[in-house]
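Numbering of residues begins at 1 and proceeds along the displayed sequence.
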Amino acid sequence: MTVAERFEAAKEQYGALGVNVDEALETLKRIPISMHCWQGDDVIGFDHDGPLTGGIQTTGNYPGKARTPDELMADIEKAFSLIPGKHKVNLHACYAIFEEGEHADRDKLEPKHFAKWAEFGKKNGVAFDFNPTCFSHPMAEDSLTLSSPNEKVRKFWVDHCIACIKISEYLATEQGCPCAMNIWIPDGMKDVPADRLGPRARFKQSLDEILAVPYDKEKVLVCLESKVFGIGMESYTVGSSEFTINYAARNGIISLMDNGHYHPTEVVSDKIPSMLLFNDKIALHVTRGVRWDSDHVVLLDDETKEIAKEIVRNDAVDRVLLALDYFDASINRIAAWVVGMRNMQKALLYALLSPNKKLKELQDQGRFTELMMQQEELKTYPFGDVWNYFCEINNVPAGEKWFETVKEYEENVLLKRN
Ligand code: RNT
Ligand code: ZN
């Protein structure tokens with residue numbers, strides 16, 4: 001049987017449950033996922049030679065990481081050629097591109113340092129999201145940035161974030177659609193603090209100063225990401241969940257939840273509906289924490305599926321800014337992107353192929369036996385046949401065929417980089 005024939009058979013099965021499969025594929029096609037550029041080079045960027053700091057860590061030394069803008073761009077293009085649909089690229093400020101001999105510190109970054117990215121976006125028909133880089137820098141040596149008691153340091157990072165808003169606005173203008181700009185700071189303490197309020201008050205003041213600078217709110221969607229702890233900062237995190245959710249709600253910016261940033265039995269999927277009830281938009285970093293915020297590649301696991309279900313069945317496809325965030329240096333980095341992106345899409349497709357209205361009715365009518373039965377039976381429906389067809393009609397390889405391309409690229413390009 002061909003992919004198309006299998007699809008027709010699957011469509012019939014889903015159709016019998018009342019699922020409109022063609023509509024599901026149309027919807028999936030228009031859900032952009034922001035692909036994090038930093039998987040391509042282990043979160044290093046182009047503006048410094050130092051290590052990754054800020055309580056986050058990549059592990060592994062797989063050959064072939066991107067070392068230059070050209071290499072990273074080529075790798076992103078390769079990954080996109082294997083991922084169905086149109087997506088965004090998530091940039092960090094440390095990926096600024098300088099002319100020969102030029103350098104600008106983080107507080108002095110300008111839109112022109114991202115002009116090559118804007119050009120890349122136009123060439124590939126992709127838009128960007130953006131992030132200030134408040135780590136891996138001498139001014140963040142003790143991992144205190146926007147909450148620092150040192151005014152010089154705090155001001156430096158305020159200026160950096162203001163510069164980033166201008167860059168985000170520039171990217172939004174160039175690409176003709178909004179740019180989400182996510183603020184995450186590593187600030188915290190290894191040991192028991194003597195003052196939990198002071199750093200948070202300073203962080204709040206810094207955010208107020210950043211947001212006081214006029215910018216086009218239609219173009220720049222400022223997000224604020226929370227965290228539970230960082231490596232070397234296990235006892236106290238300034239930008240906790242309560243801090244970021246309250247700040248965002250009061251100041252008209254968007255809360256960003258990263259599912260690696262909660263206690264291990266706490267799930268983001270369950271937080272999504274509550275956040276949607278009180279917010280017009282929310283933002284996500286989808287990742288996979290293994291025992292801790294380990295940032296493993298996103299799998300098609302239960303939590304990824306539950307996250308997708310909450311987005312789809314609450315009609316929130318246009319209200320949830322979806323981005324991925326992980327960095328695995330122990331495997332082929334292009335494959336890491338492709339697996340994670342395709343898995344996020346598969347999770348969305350799985351949710352789109354569920355008879356959500358019918359399941360909700362069963363819940364509301366208290367028919368719990370039938371609800372459990374139906375949810376379990378759905379798991380062995382011919383989901384893969386629909387996914388393969390989606391890949392085919394979007395001109396990317398179905399099934400595991402895409403891996404051939406990655407292997408070839410590894411041999412001809414990546415391995416030659418060392
Ligand atoms: C860190 C946060 C943050 C970073 C990226 C690189 O714990 O998740 O989003 O991973 O900004
Ligand atoms: Zn994150």
Side-chain angles (χ1 to χ4, degrees), residues 34-54 56 58 64-80 88-124 126-141 145-146 152-153 155-175 179-186 210 213 215 219-220 327 329 333 337 413-414 416-418:
S34 197
M35 190 174 89
H36 53 312
C37 78
W38 52 90
Q39 166 61 61
D41 75 334
D42 311 342
V43 209
I44 293 302
F46 311 128
D47 76 339
H48 68 105
D49 302 321
L52 173 61
T53 69
I56 53 178
T58 57
K65 78 168 167 204
R67 299 159 303 179
T68 63
D70 285 343
E71 288 180 355
L72 187 59
M73 286 176 186
D75 293 357
I76 291 172
E77 279 174 356
K78 187 51 73 180
F80 275 151
K88 293 181 96 177
V89 171
N90 211 355
L91 285 177
H92 242 283
C94 60
Y95 291 83
I97 301 176
F98 302 115
E99 297 293 332
E100 271 284 308
E102 184 198 16
H103 185 74
D105 208 348
R106 299 258 173 95
D107 60 333
K108 300 270 169 3
L109 286 173
E110 289 176 54
K112 68 173 184 197
H113 302 125
F114 292 87
K116 290 227 170 69
W117 281 111
E119 214 175 278
F120 170 85
K122 282 180 192 155
K123 180 176 148 220
N124 288 282
V126 297
F128 297 96
D129 292 317
F130 201 72
N131 303 259
T133 311
C134 302
F135 51 84
S136 302
H137 188 278
M139 287 293 253
E141 247 167 10
T145 63
L146 292 177
K152 211 177 116 205
V153 171
K155 178 81 173 45
F156 176 87
W157 292 109
V158 166
D159 289 344
H160 172 55
C161 290
I162 291 171
C164 287
I165 289 191
K166 293 192 178 126
I167 294 161
S168 302
E169 201 164 38
Y170 157 78
L171 289 170
T173 306
E174 291 294 309
Q175 67 204 20
C179 172
M181 191 195 92
N182 176 46
I183 300 176
W184 169 73
I185 59 162
I210 294 161
V213 172
Y215 67 95
K219 287 185 177 171
V220 184
F327 19 95
R333 294 171 185 80
W337 267 323
V413 180
L414 301 180
K416 302 220 162 105
R417 284 181 187 168
N418 296 290

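- Looking at residues two or more places apart in sequence or on another chain, you find a side chain to side chain contact (heavy atoms under 4.5 Å, CB included) between Arg67 and Glu71, Arg417.
- Looking at heavy atoms from C-beta onward, Asp75 lies in side-chain contact with Leu414 at the 4.5 angstrom threshold.
- The salt bridge (Lys or Arg N to Asp or Glu O under 4.0 Å) check on Glu77 picks up Lys123, with sequence neighbours excluded.
- Side-chain atoms of Ile185 and Trp157, non-hydrogen and from C-beta on, never get closer than 4.5 Å to each other.
- Inspection of the Asn182 and Asp129 side chains reveals no N or O donor paired with an N or O acceptor under 3.5 Å.
- Applying the side chain to side chain contact (heavy atoms under 4.5 Å, CB included) criterion to Ala93, with sequence neighbours excluded, gives Leu109, Phe130, Thr133, His160, Cys164.
- The ring pair (Phe, Tyr, Trp, His ring centres under 6.0 Å) check on Phe46 picks up Tyr95, with sequence neighbours excluded.
- In this structure, the side chains of Lys112 and Tyr170 stay at 4.5 Å or more apart for every pair of heavy atoms.
- For His103, the ring pair (Phe, Tyr, Trp, His ring centres under 6.0 Å) test picks out Phe98, with sequence neighbours left out.
- A 4.5 Å side-chain heavy-atom check between Phe80 and Asn124 finds every atom pair outside the cut-off.
- Side-chain contact between Ile97 and Met73: present, with at least one pair of heavy atoms (C-beta onward) separated by less than 4.5 Å.
- Checked against salt bridge (Lys or Arg N to Asp or Glu O under 4.0 Å), Lys122 has the following partners two or more places apart in sequence or in another chain: Glu174.
- The shortest side-chain heavy-atom distance between Lys155 and Met139 does not fall under the 4.5 Å cut-off.
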Checking Cys134 against Arg106 for the side-chain contact (heavy atoms from CB on, under 4.5 Å) test, could you report, in this order, the C-alpha distance in whole Å, the side-chain angles of both residues, the deciding distance, and whether it holds? CA-CA 9 Å; Cys134 302; Arg106 299 258 173 95; over 6 Å; no
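- For the salt bridge (Lys or Arg N to Asp or Glu O under 4.0 Å) test, residues two or more places apart in sequence or in another chain that qualify with Asp42 are Lys65, Arg333.
- With sequence neighbours excluded, the residues satisfying ring pair (Phe, Tyr, Trp, His ring centres under 6.0 Å) with Phe156 are His137.
- Remark: Ala172 engages Cys179, Lys219 in a side chain to side chain contact (heavy atoms under 4.5 Å, CB included) (not counting sequence neighbours).
- Among residues two or more places apart in sequence or in another chain, the ring pair (Phe, Tyr, Trp, His ring centres under 6.0 Å) test is passed with Phe120 by Trp117.
- Qualifying side-chain hydrogen bond (donor to acceptor under 3.5 Å, both in side chains) partners for Trp38, counting only residues two or more places apart in sequence or in other chains: Asp325.
- Legend: residues meeting salt bridge (Lys or Arg N to Asp or Glu O under 4.0 Å) with Lys166, ordered by chain and number and at least two apart, are absent.
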